[in-house]
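Note sheet for the following structure.
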Amino acid sequence: MSLSVSLPSELESRISLRQARIGVIGMGYVGLPLTLLFSEQHFRVTGFDVDTHKVEALNSGKSYIVRISGAEIVQAQTSGFTATSAYAAISEMDAIIICVPTPLDEYHQPDLSYIERTATAIAPHLREGQLVILESTTYPGTTEEVLIPILESGNPEKLLAIRNPGDRGFYVAFSPEREDPGNDTVARRDIPKVIGGVEPTATSLASALYGSIFNRTVPVSSPATAEMTKLLENIYRCVNIALVNELKQLCDRMGIDIFEVIDAAKTKPFGYQAFYPGPGLGGHCIPIDPFYLSWKAKQFDFRTRFIELAGEVNTGMPYYVIEKTALALNGHKKCLNGSKILVLGLAYKRDIDDLRESPSLTVIELLRKAGVEVFYNDPFFPKVGRGRHYDLNMTCTTMENLGQYDAVLIVTDHTSYDYPQIVAESKIVVDTRNATKGIAASNIVHC
Ligand SMILES: NC(=O)c1ccc[n+]([C@@H]2O[C@H](COP(=O)([O-])OP(=O)(O)OC[C@H]3O[C@@H](n4cnc5c(N)ncnc54)[C@H](O)[C@@H]3O)[C@@H](O)[C@H]2O)c1
């Protein structure tokens with residue numbers, strides 16, 4: 001193990017020879033798959049996480065993410081992968097990649113505390129010539145205004161982030177993660193990696209590193225450009241989903257099937273990309289990231305009206321689902337209060353084991369407030385307790401005897417469900433995802 005100062009050329013050759021030691025901080029949905037990519041290419045990776053349960057699981061060759069198998073962790077161990085909660089090992093790394101959460105706080109403002117705590121923890125162990133890369137999604141300016149000052153002030157040798165060729169210190173870049181959980185249409189290697197270094201050497205070092213696991217790297221002129229690129233991608237999704245969510249409500253009133261409209265529109269070979277309506281936004285990214293930018297924009301006396309409007313439409317969707325469910329029950333001379341409803345799907349999207357910001361949670365809470373006795377089924381969640389924004393304390397129910405419920409509400413369209421059977425057995429099926437497409441039955445309510 002070498003703790004000597006690495007010149008950029010030395011680090012580049014350590015990367016190309018697969019000798020560079022890589023530390024990934026945050027062994028979550030982003031950090032763990034990234035670790036596996038590096039391990040596959042025979043890099044020795046150390047995973048850092050404050051969650052000791054995750055560290056123990058990984059060191060025992062186990063995975064806690066459904067789409068990652070224990071065998072993949074064991075395979076990574078053959079390339080030297082280990083996990084730890086001890087930051088002292090940071091000094092042994094050549095490159096340190098930060099993948100910690102960036103949520104919103106209770107006032108809907110960026111909560112950078114995870115990045116700040118990580119920077120504070122690694123700063124004392126930094127050494128000259130290391131490459132530090134931030135991957136967490138955040139507003140433009142975070143790398144240079146928040147991360148670097150903490151790294152610079154917290155290391156005992158008073159190393160500074162290198163800003164000009166010939167400076168001595170450590171290299172810093174921002175490179176956004178473009179993970180799309182559950183999407184198997186593009187291999188991770190084929191997703192181009194955008195990289196913005198604080199100065200050109202940082203960009204080229206980070207490009208050399210990521211170039212060894214991704215087929216294409218996209219260098220940009222600064223960390224802020226890379227930070228903004230990620231936000232543009234997510235805001236684009238958020239705004240377009242809001243557009244179809246609004247049009248879905250209009251189509252409903254007009255008696256037009258929005259999904260049929262989208263299917264027809266997407267036959268246009270240019271100028272149109274299909275987005276689909278649903279019960280509301282979910283996940284760690286699309287409902288949150290746009291607000292990082294609106295917050296930052298205020299510093300520049302600027303209002304991001306598209307983001308606000310999209311947020312308004314998208315947050316209104318669970319309420320629309322409740323309204324449609326109430327109307328459906330009304331058609332059977334029933335009301336929400338006192339009814340028994342089964343919610344299908346807790347995950348924020350199909351076939352994944354992630355319920356962060358899931359619209360199902362809001363739907364369940366709204367139903368309960370309305371006096372509904374709520375049950376749920378989700379193959380990925382045997383039970384659900386308490387999270388940052390919810391406290392459900394429920395256990396997954398079976399898919400048997402669906403006729404006992406006044407309505408079955410499809411919030412997440414997992415592929416394991418037998419939709420014809422669900423429709424055949426249920427009194428009313430409220431379908432927020434077009435999961436019952438092609439099934440002709442009078443008990444289906446599309447919403
Ligand atoms: N999940 C996605 O699909 C996705 C996609 C693109 C970008 N992102 C972004 O990537 C970042 C990470 O997201 P995620 O989904 O992997 O989050 P996650 O919650 O799954 O994982 C984060 C991990 O970081 C650990 N952690 C927290 N503080 C730490 C600290 N101080 N030191 C070490 N470990 C610490 C947590 O214990 C957790 O294991 C976020 O900024 C997110 O917006 C996520």
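Position 1 is the first residue of the sequence; numbering continues from there. In each ligand, atom 1 is the first atom listed, and ligand 1 is the first ligand listed.
Separating the CZ atom in Arg178 from the CZ atom in Phe214 is a distance of 10.0 Å, to the nearest 0.5 Å.
Atoms of ligand 1 found under 4.0 Å from any heavy atom of Asp51, numbered from 1 in the order shown, are 37 (O). Close approach of ligand 1 to Pro181 is summarised as follows: ligand atoms under 4.0 Å from at least one heavy atom of the residue are 3 (O). Within the listing of ligand 1, atoms 32 (N), 33 (C) sit less than 4.0 angstrom from a heavy atom of Ile25. Atoms of ligand 1 lying under 4.0 Å from any heavy atom of Gly26, numbered from 1 in the order shown and given with element: 23 (C), 24 (O), 25 (C), 34 (N). Using a 4.0 Å cut-off to heavy atoms of Thr102, the atoms of ligand 1 that qualify are 40 (C), 41 (O), 43 (O). For ligand 1, the atoms closer than 4.0 angstrom to any heavy atom of Tyr114 are 27 (C), 28 (N). Heavy-atom contacts of Lys54 reach the following atoms of ligand 1: 38 (C), 39 (O) (cutoff under 4.0 Å).
For atom 26 (N) of ligand 1, the closest non-hydrogen atom of the protein is Val50 CG2, 3.8 Å. The closest protein non-hydrogen atom to atom 21 (O) of ligand 1 is Gly28 CA, 3.2 Å. Closest protein heavy atom to atom 8 (N) of ligand 1: Val30 CG2, 3.6 Å. For atom 31 (N) of ligand 1, the nearest protein heavy atom (residue, atom name, distance) is Thr118 OG1, 3.1 Å. Of all protein heavy atoms, the one closest to atom 9 (C) of ligand 1 is Thr137 OG1, 3.5 Å.
Ligand 1 has no atom lying under 4.0 Å from any heavy atom of Ala121. Heavy atoms of Lys230 approach ligand 1 to within less than 4.0 angstrom.
Taking each of Arg356, Glu135, Glu233 in turn, the one with a heavy atom nearest to atom 1 (N) of ligand 1 proves to be Arg356. The heavy atom nearest to atom 32 (N) of ligand 1, out of those in Phe48, Tyr29, Tyr87, is found in Tyr87. Comparing Ile65, Val100, Asn234 against atom 12 (C) of ligand 1, the shortest heavy-atom distance belongs to Val100.
Listed here is the closest heavy atom pair of Tyr29 and Asp353: OH-O, 3.0 Å. Closest approach of Met228 to Leu293, counting heavy atoms only: SD-CD1, 3.7 Å. Of all heavy-atom pairs between Lys383 and Tyr376, the closest is CA-OH, 3.1 Å. Minimum interatomic distance between Gln77 and Asn59 (heavy atoms only, all atoms of both residues): NE2-O, 3.4 Å. The two atoms that bring Pro124 and Pro156 nearest to each other are O-CD, 3.6 Å, heavy atoms only.
A centroid separation of 6.0 Å or more is found between the aromatic rings of Tyr87 and His125. Aromatic pair Phe380/His414: ring centres closer than 6.0 Å. If you look at Phe275 and Tyr236, their ring centroids are closer than 6.0 Å.
Some N or O of Asp49 is nearer than 3.5 Å to an N or O of ligand 1, by distance alone. Residue Arg178 has no nitrogen or oxygen atom sitting less than 3.5 Å from a nitrogen or oxygen atom of ligand 1, judged on distance alone. The shortest N/O to N/O separation between Pro101 and ligand 1 does not fall below 3.5 Å.
Between Lys437 and the choices Asp263, Asp431, Asp413, the salt bridge (charged side-chain N to carboxylate O under 4.0 Å, His left out) rule is met once, by Asp263.
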Practice prompt. Output, in order, the C-alpha distance, side-chain angles, deciding distance and verdict of side chain to side chain donor-acceptor pair (under 3.5 Å) for Thr143 and Glu227.
Written response: CA-CA 9 Å; Thr143 305; Glu227 289 160 337; 2.6 Å; yes
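Counting only N and O atoms by type, the side chains of Ser222 and Thr225 include a donor and acceptor under 3.5 Å apart.
For the pair Glu135/Val30, a side-chain contact is recorded, criterion being any heavy-atom separation below 4.5 Å from C-beta on.
Looking at Cys285 against ligand 1, only its side chain comes within 4.0 Å, counting heavy atoms.
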